[in-house]
Amino acid sequence: MFTVRVQAGDFDIAIEQANLVAGSNDIGAIVAFTGLCRDEANTLASLELEHYPGMAEEEMGRVLAEARNRWPLDGATLIHRYGKIEPGGNIVLVITASRHRTAAFAAAEFLMDYLKSRAPFWKKEHRIDGTSGAWVDAKEADDRALERWKS
Amino acid sequence: MFTVRVQAGDFDIAIEQANLVAGSNDIGAIVAFTGLCRDEANTLASLELEHYPGMAEEEMGRVLAEARNRWPLDGATLIHRYGKIEPGGNIVLVITASRHRTAAFAAAEFLMDYLKSRAPFWKKEHRIDGTSGAWVDAKEADDRALERWKS
Amino acid sequence: MIRLVYFAWVRERIGKPEESVTLPAHVLSVADLIAWLKERGEEYAYAFENAPLIRTAIDKAHVKHDAPLTGAREIAFFPPMTGG
Amino acid sequence: MIRLVYFAWVRERIGKPEESVTLPAHVLSVADLIAWLKERGEEYAYAFENAPLIRTAIDKAHVKHDAPLTGAREIAFFPPMTGG
């Protein structure tokens, strides 16, 4: 099963994994990436995630189609949240299922690299002191991460 | 938190992830690998996993220590089951948590490659027709997977 | 009429999330459209002050600044994405 | 006395999961021990027929066949591992 969802509410990784493999006996490997709201400096009240409704789902679908072209996946689930998310909260979930672990690992990492730089989401910081912080800057590291898939 | 467990009972990935990140706000990325009992030919009643009690835990601990030497991990959980496991059932869980996704992905893949070839577990097939099948052969692919970490 | 939508700090700088505009005949590409918008007021000039940085989508698919606007119904402008 | 433990098809071929033995003075390494065991009966000869394939642990840590037995309390023999 292949699923793409954009939602405000939280997700449960156990339920998503169970749905992904339900009825299948030939999946040997599942890789699940969870991206969390991080607050190293202890100044963050929440991250607010803005998104482009419609395009977010479409772009995630295109990235997933590209992953399926490259690796033999038996299933995948992509969930991205929007709205305000507190430190420690879930932001994104990518699950890949395959007969073998190498494909599941590679596809999950590819999906995350591409979601980061192609899915239309933007993070704004809200601080504990009540001020609205800056928009999070896109990282050069994320663009560099893309380069390795282009060989 | 760093945890190694060898157990007969099942595990719940959501609970394990929650325990791993509890009380921490600086973990941005969690990668979870789940290895499942696979039955492509529809002939398998169960896999029976034999293990070397004591050494299994020690060896998993040594593999985890090596992963911590190589990548900046904020936490990791390694669980390996033993006993009879039916098709679709969970066999192994590896969770890695880090500030950044690259380290979490690499460490999880490293841990799986090393657990496969160093943790003292052996799989025997039990068939639906009541016969006791063969011991599962170690795969050359698993030995080759190790080579990439030796550079 | 063509629909323009803005996100994140592009939206904040322009001061609205969307608008509909009638394009002059000489606006043929995304780059033309950005140049035309920058003439419309300070808020647009501010939003597009570093134009090469701004990402664009036509009808919900990423395009480059040399993309033609032919047939476009919705054009989106936004900063580099920071999801995931 | 030293404790020997066997797993998977090594255990099945030998017909027991463990035993305690007193080693002759000339048995100094894992390879010596395998050679000595193979002389003890058909079941051992069968278990170790392809000796280089068999993995060994001394006191719950992997070792190679040239490892000395000095100080060993428990020596394990088993096929290549297939966990994970």
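Order of the sequence lines fixes the chain letters, A, B, ..., with proteins taken first and strands second; residue numbering starts at 1 for each chain.
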How many angstroms lie between atom [atom1] of [X] and atom [atom2] of [Y], to the nearest 0.5 angstrom?
{"X": "Ile13(B)", "Y": "Gln17(A)", "atom1": "CD1", "atom2": "CD", "answer": "4.0 Å"}
{"X": "Asn90(A)", "Y": "Ile30(B)", "atom1": "CG", "atom2": "CD1", "answer": "7.5 Å"}
{"X": "Arg101(B)", "Y": "Asp113(A)", "atom1": "CZ", "atom2": "CG", "answer": "4.5 Å"}
{"X": "Asp39(A)", "Y": "Ile27(B)", "atom1": "CG", "atom2": "CD1", "answer": "13.0 Å"}

Quick one: which of [options] has the most heavy-atom pairs under 4.5 Å with chain B, could you say?
{"options": "Gly88(A), Ala41(A), Pro87(A)", "answer": "Pro87(A)"}
{"options": "Val21(A), Asp12(A), Asp26(A), Leu36(A)", "answer": "Leu36(A)"}
{"options": "Ala145(A), Ala29(A), Ser24(A)", "answer": "Ala29(A)"}

* **Shortest non-hydrogen contact from Arg99(B) toward Arg38(A)** => O-NE, 3.7 Å
* Asked: Does atom CD of Gln7(B) have more than 12 heavy-atom neighbours from other groups under 6.0 Å away?
  -> yes
* Centroid separation Phe105(B) to Phe33(A) less than 6.0 Å -> yes
